[in-house]
Protein chains: 2
Amino acid sequence: MMKKQLIMEQALELFAEQGIDATSVQQITDKCGISKGAFYLSFKSKDELILTVLDDFIKRFISDIDYVVNNREKENLLYEFYLSILNFFNEHSNFAKIFVKQQNFYISKEFIIKLEEYQQLFDRTVFKLVDRYYGDKVEDNKYDLAYCIQGFMKLYADLFFSMDIPVDMNRLCQSLVEKTDLIAAHTTIPVITKKISQLMNKPSCENYSKDEICTLIQQELQEMEESIEKDSLILLKEDLSNPKLSPALLNGLLENIRHHPQCKWISYLLRSYYAFEK
Amino acid sequence: MMKKQLIMEQALELFAEQGIDATSVQQITDKCGISKGAFYLSFKSKDELILTVLDDFIKRFISDIDYVVNNREKENLLYEFYLSILNFFNEHSNFAKIFVKQQNFYISKEFIIKLEEYQQLFDRTVFKLVDRYYGDKVEDNKYDLAYCIQGFMKLYADLFFSMDIPVDMNRLCQSLVEKTDLIAAHTTIPVITKKISQLMNKPSCENYSKDEICTLIQQELQEMEESIEKDSLILLKEDLSNPKLSPALLNGLLENIRHHPQCKWISYLLRSYYAFEK
DNA sequence: TTGACAATTGACTCAGTAGTCATTAGTATA
DNA sequence: TATACTAATGACTACTGAGTCAATTGTCAA
C-alpha cells in the first residue's frame, strides 16, 4: 500500500544521509508525518524495513543489468553495461551510496547470506557479459577480468556520490570500456584464477525452481491491479506449469512485464529459468 | 603506558569484528579484563579512543608508504609500492578492514576533515610514485592513473579480509604492476583530469610548519625512553631551529627513527619538510 | 444518528549505552 | 606499622531507541 512505499522512500533518504544504524524509527516517522505506531503497522521491525528496502533495490538492479547483458547487441555491449549501471546508480543515488560502500551496519546473519547470494547472481551476469563480449579472446584471465570490471564499476561510481562532481557519462563509460579492453587483451598474470573464484563463492546458490517462481508470481498477482502486466503474468504462470506458448510469445510476455518495478525480479527469474532449460 | 596500548589493541579487534558503533565500552573493558572506570583513566571518551586508534594507524601507513616511494630504486618502485601496501594491510588486517571499506560509523565533523587531509597526503604520495616511476611517459592521464592505482589497491586488498583466501603476494603484486602499466601506457580517455582532481580535493592542505613539527617532537620526547631514537630526535629538533648538520647526517638521523612506531610520523613530516625546502 | 469495526496515536516499558564518582585495594615511603 | 598517595572498581545517573498497547479518532453500513 501507499504508506509502506512512503516509509521506504523517506527511510532510504535518511539511511543514505546518516547511515542506517544512526537513523531511528522516530526520525523516519517524523519525516513521514506519521506516528511510531503506524510504522509498526507496515513493518514488523526496523530490521524488516532495512531488509525490504535493500532487497527491493538489489533485485531491480540485478534484473536491469542482466537484461542489458542478455539483450543488447554485442558491439556495444560493454559500453551499454557500464552505462546502465552508472545510470542506475545515478537515478537511485541514495541506494547506491549504501550499496557501493557496503557499510558496516549491523545486519542479521540471514541477510548477510542473502547478500552473498545476490553477489553470486551478479557475478554470473558479469561472466555472461565477458563471454558474450569477449568470447574466446579471453580465457585464463576471464575471472580476473570479471573481478576488475566490478572494481571499476565501484571505483568510478564513487564519483557520483562521495563528491558531487560533474561527470560526462558518455566519456566515463568510454573510458571504462577502454580500460577493460586493455586488461582483457594484455593480462598475462591473472590473480583471480578459476580456482580462487570458486573459493570466493563457497555456497553455490541454486537456481529458483519452477514451483518457487510460481509461488512468487502468485504473491505478486494478489497485489497487482488489472493491467497488461497482470494479464501477461497470469499467462506466464500458466505456461510454467503447462508449456504451450512459443518462444516468441514468451519473449513478448517477458518484455511486457520487465518495466514494472515489482515484476522486474520475476522477469529476471523467468529469463534465467528458460535460459537454463535450453 | 601499557594499559592504553592494551585497550587500543583489543578495541581494534572488536571494531573490525562488529563495527565501531556496535562495539560498546563495556565490551572493550570486558575483553581487556579491566573495569569501566579504568577505561576512562586512559581515554577521555569513546570518541577519543576511536580517533586515537585510527589516527595512529593512518599515520604509520602513510609514513611507511611514503618512505618506500621516496627511497626505493626506480626499477621496481611500483612493485615495491604495492607490496608495502598489501604487506601493511596483511599485518594489520583489523585496521585494514576498517580503513579500506571506509564504513559509515558516526564520526565527528572534525575527524572527517582530518580523514580528508590524510587522503590528500596519500594522494600526494601516489602522485610522487607516478612521477618517479613513469616520469614523462604519462601526462594527461596522470591523475586518472593515480585514481586507478588506489582503486586497484583497495580492490585486491579485499581478498585478504573479506574472504580468507591464500594469496601469492609476489604474483599479486606483479599482476597489479602489469595492469597499472597497461593503463599507464595506453589510456587515451582519462576520466579524472587535472581539473576534476582539483575539484575532488577542495581544501588544499598545508604542509606542517617548522614550529608545528617542533612542538610535535617536544611532545614525543617526553614520552620516550632513553635510546638512539630519542637522541636522534633531539638532534633533529635542534637542527630544525638552527640548521648546521649536513644532508648526509640528517638523512642518517631520519633513518634512525623511522622504524620507531611513534616516530614514523615525525620522520615523514621532516622528510616532507626538507623536500619542500629544497 | 448510531454502533461496529478498522486505523492511528503517543505515552510507556524495557534494554542497553556513555560517562561519573564515592569507595576500596594496592603500593611506596617514613 | 602507620600514613599518604595512586590506581582501579562497579554501582549509579542520565539518556536513547526499539517496540507495545490502551485509548482515541475515523469510517461506513444500517
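Each chain gets a letter, A, B and so on, in the order its sequence line appears, and its residues count up from 1. Quick note: numbers below take in every heavy atom, side chains included, and nothing from hydrogens, waters or symmetry partners. For clarity, every value in this text was computed on a predicted model and none was experimentally measured.
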**Request:** Mark yes or no for whether Lys59(A), through its side chain, and Tyr268(A), through its backbone, hold a donor-acceptor pair below 3.5 Å.
**Result:** no
**Asked** Distance from Ile65(B) atom CD1 to Leu121(B) atom CG, nearest 0.5 Å?
**Response** 13.5 Å
**For Tyr67(A), ring pair (Phe, Tyr, Trp, His ring centres under 6.0 Å) partners two or more places apart** = none
**Item:** For Phe95(B), all residues meeting ring pair (Phe, Tyr, Trp, His ring centres under 6.0 Å), sequence neighbours excluded
**Value:** Phe57(B), Phe99(B)
**Message:** Aromatic contact between Phe43(A) and Phe39(A), with the criterion being ring centroids under 6.0 Å apart: yes or no?
**Reply:** yes
**Request:** Sequence neighbours left out, what pairs pass salt bridge (charged side-chain N to carboxylate O under 4.0 Å, His left out) with at least one residue falling in residues 25-34 of chain A?
**Result:** Glu13(A)-Lys31(A)
**Fill in**
Per-nucleotide protein contact along nucleotides 4-19 of chain D, 5' to 3', at a 4.0 Å heavy-atom cut-off (B base, S sugar-phosphate only, - neither), is ----BBB------SBB
**Prompt:** Who passes salt bridge (Lys or Arg N to Asp or Glu O under 4.0 Å) against Asp64(A), sequence neighbours left out?
**Reply:** Lys264(A)
**Fill in**
Contact span of DNA chain C against chain A, any nucleotide atom under 4.0 Å from a heavy atom, 5' to 3', runs dT8(C) to dG10(C)
